[in-house]
Amino acid sequence: MKYKTLKGLQDILPPEIAAWHHIENKARDIFRNYGYQEIRLPILEATDVFIRSIGETSDIVEKEMYTFQDKGGRSVTLRPEGTASFVRAYVEHHLYNDPSPQKFYYLGPMFRYERPQAFRYRQFYQIGAEAMGIDDPKLDAEIIAMLSKLLHSIGLAGLNFEVTSIGCKKCRPDYRTALKSFLGGKLDTFCGDCQRRYDANPLRILDCKVPSCIESRKGSPPVLDYLCGECRDHFESLRGYLDVLNVPHTVNPNLVRGLDYYTKTAFEVSSENLGSQSAVAAGGRYDSMVAEFGGPSTPGIGFAMGMERIIPLIQDSVSKATGPDLLFCPLGDKASEKAFVLTEQLRAMGIWGEMNHESASMRSQMRKANRIGAKNVIVLGEDEIGKGEITIKNMTDGNSIKSSLVASDIFKIISQHK
RNA sequence: GUGAGUGUAGCUCAGCCGGUUAGAGCAUCUGACUGUGGCUCAGAGGGUCGGGGGUUCGAGUCCCCUCACUCACCCCA
């Protein structure tokens, strides 16, 4: 085979599309009820858009971006996530001047140059939502509730909602300092990865799965104790509102986000039914990003869900593609031309009509009708054309109904058996 | 970037201590059944055994290299 998809990229073939549509349709329905409007953003952005927002030392920026020079010598990057592009557009088009909150959703492909594995691809699709201009924790609760409603309406079960607060510009540095001073003394008892994390992102050490690291970090200062008053209130209110809205959740203080722009609320939804890449959706609040992009100080909160992580969870329950409403099986050239015209007329009336083009035996034409899942079949031969009368065979129950050779008569019968 | 595993027909996979024309099931096509599918039966097409090199009288099988895929780590949706 000469050509193949690039590593980590995949073709999505028709049998899978029904599941994609199912998710997208549910998302559009629910977003509408919550007042989210679609926004379509470019896949390519100036590289700086991502470096500035996601963070210079984040893994995404350090090693996962598809970055290259365009013909004008500018550094451009295939978006590794949606929020940075969104905020760029929000500021560029002065959307903050619309009444708050402004709510948006988007869907499309993201790109990260990672080693592919189960449920992780280099090109992957996300559906994301962003709510801007309000820092009330009710909005945090609302968007998490919306996400919960969406995932459940899609048909997912066995989900875990985890929330935490990672503090803000004021209190996070204090925690970081406290944590580093606790870990610093016994750094040599941690794994190599953690020793690297100590400088780059010490919070991540709290999430390490190596048993010796779990042991060594026991007694480390709890994140939530270091929140400033504002962040603590925000988080406590959020939890209360989640209870009011009946969104079951657990607090996971060690929830770590790979993006630098988050403040206060961070959350993640994982599934018990995936492999090691179990996060189905994740998000958080980003109250200083708009200002960093040159807009007026404006709070925001959003999430993104990964299509490839959801599809396998629902695939079996979504009905597969079906066959045509009607298949003509013509016998001979004259019949073939007649079928050709009738098929086109029936399509104009709203029927999915097909005809066999190759001249084959009756038997093999019927076999094919069965194979493609045709719901009705019309055999068209010399007799039928001579008499101007045909029988429409229903492939589900095997019964036949007589009809004239006129499209409108055929339509009446087929439309009852689609 | 690191580690492990797997590459044989369109798909899922057998193939023994190396042995002569490389197999099965499913799928495709044809026929049994002259113009009515699904079941059954018979037959046909379809393979550089991932690629290259080596050992050997002889390699799908053993060795080396390489490529691809998969899973996991890192990290994340």
Side-chain angles (χ1 to χ4, degrees), chain A residues 1 4-8 10 23 54-55 57-65 79-83 107-128 147 151 191-194 196-197 200-201 204 207-210 255-259 267-271 274-284 302-313 323 327-332 335 356 358 360-384 390-400:
Chain A
M1 214 177 312
K4 301 167 62 173
T5 52
L6 297 175
K7 185 196 282 285
Q10 52 174 353
I23 296 169
I54 296 169
T57 60
S58 67
D59 274 42
I60 291 180
V61 169
E62 270 187 352
K63 52 186 201 193
E64 295 174 3
M65 295 208 301
R79 64 179 182 193
E81 60 108 32
T83 303
L107 44 86
M110 308 293 162
F111 303 83
R112 288 184 204 170
Y113 195 85
E114 302 177 85
R115 260 312 239 279
Q117 69 188 71
F119 313 111
R120 172 202 275 165
Y121 304 93
R122 287 182 171 181
Q123 175 176 343
F124 57 101
Y125 288 78
Q126 287 187 338
I127 298 181
L147 175 59
L151 293 173
C191 69
D193 282 335
C194 281
R196 265 204 325 278
R197 289 173 181 132
N201 192 343
R204 222 175 266 298
D207 201 34
C208 184
K209 289 151 201 103
V210 176
L255 199 63
V256 176
R257 301 262 50 100
L259 307 146
F267 57 93
E268 185 166 312
V269 186
S270 57
S271 166
L274 290 173
S276 105
Q277 308 302 317
S278 62
V280 161
F303 68 78
M305 48 196 251
M307 293 291 278
E308 289 83 355
R309 305 252 170 112
I310 298 173
I311 298 283
L313 299 174
L327 175 72
F328 279 100
C329 297
L331 300 168
N356 280 336
E358 66 286 357
S361 71
M362 169 95 311
R363 178 177 193 76
S364 79
Q365 291 207 48
M366 288 302 290
R367 273 189 188 174
K368 180 171 167 185
N370 189 61
R371 182 72 219 297
I372 66 177
K375 298 193 186 67
N376 296 281
V377 169
I378 292 176
V379 173
L380 200 56
E382 300 294 322
D383 296 355
E384 286 81 1
I390 51 165
T391 62
I392 299 173
K393 177 162 184 174
N394 182 295
M395 296 297 280
T396 313
D397 57 23
N399 296 331
S400 295

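Letters A, B, ... mirror the listed sequences (proteins, then strands); counts begin at 1. Fair warning: this is a prediction, and the values are worked out from it, not measured in the lab.
B/U48 and B/U8: their P atoms are spaced 12 Å apart (whole Å). Comparing B/A22 with B/G45, their P atoms sit 14 Å apart, to the nearest whole Å. Taking atom C1' in both B/G18 and B/C33, one finds a spacing of 49 Å when rounded to whole Å.
Across all strands, A/V280 comes closer than 4.0 Å only to sugar-phosphate atoms, never to a base (heavy-atom distances). In this structure, A/E64 reaches the sugar-phosphate backbone alone: every heavy-atom distance under 4.0 Å involves primed, P, OP1 or OP2 atoms, never a base.
Not a single donor-acceptor contact under 3.5 angstrom links the side-chain atoms of A/K368 to the base of B/G37. In terms of polar N and O atoms assigned as donor or acceptor, the side chain of A/R120 comes within less than 3.5 Å of the base of B/C75 in a complementary pairing.
At least one donor-acceptor pair under 3.5 Å links the side chain of A/R79 to the backbone N or O of A/P109. With hydrogens and angles disregarded, no donor-acceptor distance shorter than 3.5 Å links the side chain of A/Q10 to the backbone of A/T5. A/E308 places no side-chain N or O within 3.5 Å of a backbone atom of A/R120 that could act as its donor or acceptor partner.
Across all strands shown, B/C33 has no partner, as no Watson-Crick or G-U wobble contact with both distances under 3.5 Å is found. The partner of B/G47 is absent, by the rule that a Watson-Crick or G-U pair needs both atom distances under 3.5 Å. Nucleotide B/C62 forms a pair with B/G54, judged by Watson-Crick or G-U wobble geometry with both contacts under 3.5 Å. B/G25: Watson-Crick or G-U partner is B/C11, with both key distances under 3.5 Å. Across the strands present, B/G3 finds its partner in B/C71; the criterion is a Watson-Crick or G-U wobble pair with both atom distances under 3.5 angstrom.
Look at A/F119 and the base of B/A77; the rings do not stack under the cut-offs of 5.5 Å between centres and 30° between planes.
Counting only heavy atoms from C-beta outward, the side chains of A/M305 and A/I23 approach each other to under 4.5 Å.
The nearest whole Å value for the distance from the CG atom in A/N376 to the P atom in B/G37 is 16 Å. The nearest whole Å value for the distance from the CD atom in A/E268 to the P atom in B/A77 is 7 Å. In this structure, A/R122 places its CZ atom 11 Å from C1' of B/G1, rounding to the nearest Å.
In terms of phosphate contacts, A/R115 brings no side-chain nitrogen or oxygen within less than 4.0 Å of OP1 or OP2 of B/U70. The phosphate of B/G31 has OP1 or OP2 within less than 4.0 Å of a side-chain N or O from A/S361.
For the pair A/A360 and A/T391, both in contact range of RNA chain B, the more 5′-proximal nearest nucleotide belongs to A/A360. Checking A/Y121 against A/T396, the closest nucleotide of RNA chain B that is more toward the 5' end is the one next to A/T396.
Residue A/F111 is tested with A/R122, A/E64, A/Q123 for a side-chain contact (heavy atoms from CB on, under 4.5 Å); the sole match is A/Q123.
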